[in-house]
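None of the values given here were measured: they were computed from a predicted structure. Note: hydrogens, waters and symmetry copies are ignored here, and every other heavy atom, side chains too, is used. Read the numbers this way: they start at 1 and go in the same order the structure lists the ligands and their atoms.
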Amino acid sequence: MESILDQIALCVENGKINLTSPYPSAMRGQPGADEFTVQALEAGIPPSDIVSKGLIAGMGRIGVKFRENKVFVPQVLMSAKAMNGAMVHLKKYFVDGSVKRKGKIILGTVEGDLHDIGKNLVGMIVEGNGYEVIDLGVDVSADKFLEAIRLHPGAFVGMSALLTTTMANMEKINKAIKAEFPQVITCVGGAPLNPSFAQSIGADYYTDEPQALVEILDRLVA
Ligand code: B1M
């Protein structure tokens, strides 16, 4: 029989939130990430194991499948919902410090740009892989990024742009960040970008999909 942690990972991977949720149809009538997390806590499994071997394992798998085009946006959204169903029971362990995040990332779509579907997906997958995400939303100016960096020392910065016109703002923002906080690591992504653009504006990293960003962050915090 699969362990409770495997069951949690499976529920997150498949977007199974709780007993009553109808999705995915193959798992209808079965407990979800919600109930299995309660069971795991009652069985005395450390919350940190539930996070690392259950939630992060499941979100890691969906991130890889998304990269490989084996699943699409709706499945990732359902996985994030299942993860949030489990997180309801785990939040207090993050607050009391018994579960630690791997790191923090400030995320935003750059000034002038309102596209946030990709940025939100990046946020969900990065959060599901153990990072705290400070989401500044869309149309984020350099000043807003700088203010967030002051509030969250040690955080990485992730910027998204979907328009060729707002890529120029990304350069402006990256320059402002590096001028005030040269040690802050910046990552950029979004459909019109490419590695040489990222390099030309002085960003530290470029990725074209969320799981690759997780892998970069994991290497940086290792
Ligand atoms: Co807009 N739009 N749009 N739009 N829109 C595009 C981007 C466009 C390519 C459509 C086209 O002409 N074929 C085009 C841009 C052309 C260009 O500049 N090269 C365009 C345009 C022109 C515009 C307007 C100017 C249209 C107008 O008003 N005349 C306008 C601009 C508004 C503004 O931002 N100021 C506009 C408006 C909109 C809507 C508001 C209607 C809506 C956005 C809704 C929203 O986001 N809440 C919208 C949409 C939906 C699109 C398309 C159709 C889809 C974008 C999307 O969500 N893709 C898009 C055409 C297309 O892509 N087919 C288009 C799905 C998403 C999952 O992918 O965002 O690429 P993506 O994110 C990926 C990766 O890029 C990566 O990971 C994500 C997940 O895999 N990634 C990162 C993203 N950020 C990352 C950050 C990272 C790492 C990876 O590290 C930090």
Side-chain angles (χ1 to χ4, degrees), residues 13 15 58-81 83 101-142 144-146 148-149 152 154-178 181 183-221:
E13 183 181 358
M59 278 306 279
R61 281 188 230 148
I62 202 78
V64 170
K65 282 185 177 174
F66 183 65
R67 163 161 66 200
E68 293 170 350
N69 290 325
K70 290 181 178 155
V71 297
F72 301 97
V73 175
Q75 284 102 323
V76 178
L77 293 179
M78 291 312 293
S79 288
K81 276 182 187 261
M83 190 192 76
R101 307 265 192 188
K102 294 185 200 166
K104 220 184 247 192
I105 180 163
I106 296 162
L107 204 56
T109 302
V110 298
E111 188 168 6
D113 202 321
L114 303 177
H115 295 86
D116 67 355
I117 298 169
K119 184 266 296 168
N120 292 345
L121 277 176
V122 170
M124 284 173 214
I125 291 179
V126 169
E127 186 181 15
N129 278 276
Y131 291 86
E132 183 178 350
V133 175
I134 314 295
D135 189 345
L136 303 181
V138 295
D139 192 19
V140 183
S141 64
K144 284 192 199 150
F145 275 107
L146 292 171
I149 296 167
H152 303 280
F156 301 107
V157 171
M159 286 176 263
S160 179
L162 260 288
L163 299 171
T164 42
T165 47
T166 57
M167 285 165 67
N169 296 340
M170 195 172 245
E171 177 169 16
K172 195 176 76 182
I173 295 167
N174 197 70
K175 283 210 168 102
I177 293 172
K178 291 291 181 184
F181 300 100
Q183 79 286 2
V184 166
I185 293 175
T186 57
C187 312
V188 295
L193 277 65
N194 58 45
S196 58
F197 170 77
Q199 203 178 16
S200 74
I201 67 166
D204 296 296
Y205 292 94
Y206 159 80
T207 68
D208 62 354
E209 50 88 20
Q211 196 61 28
L213 179 60
V214 171
E215 287 160 12
I216 289 171
L217 298 179
D218 282 351
R219 279 200 304 276
L220 290 169
V221 297

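Residue D116 approaches ligand 1 through these ligand atoms, each under 4.0 Å from one of its heavy atoms: 45 (C), 46 (O), 47 (N). The C187 neighbourhood of ligand 1 comprises atoms 91 (C), with distances under 4.0 Å to a heavy atom of that residue.
Proximity of L121 to ligand 1, defined as any heavy-atom pair under 4.0 Å, is confined to the side chain (atoms from C-beta onward). With a 4.0 Å heavy-atom cut-off, ligand 1 is reached by the backbone of D208 but not by any atom from C-beta on. Here T207 has heavy atoms under 4.0 Å from ligand 1 in both its backbone and its side chain. Contacts with ligand 1 closer than 4.0 Å are made by side-chain heavy atoms of V122 only, the backbone lying farther away.
Looking at T164, V138, V76, it is T164 that brings a heavy atom closest to atom 18 (O) of ligand 1. Looking at L193, I117, V214, L213, it is I117 that brings a heavy atom closest to atom 50 (C) of ligand 1.
The shortest separation from a heavy atom of P192 to ligand 1 is not under 4.0 Å, leaving the residue out of contact. Ligand 1 has no atom lying under 4.0 Å from any heavy atom of Y205.
Given atom 62 (O) of ligand 1, the protein heavy atom at minimum distance is L162 CD1, 5.0 Å.
Contact annotation: the side chain of T186 never approaches that of Y205 to less than 4.5 Å [non-hydrogen atoms, C-beta and beyond].
Between the CE atom of M170 and the NZ atom of K175 there is a distance of 13.5 Å, given to the nearest 0.5 Å.
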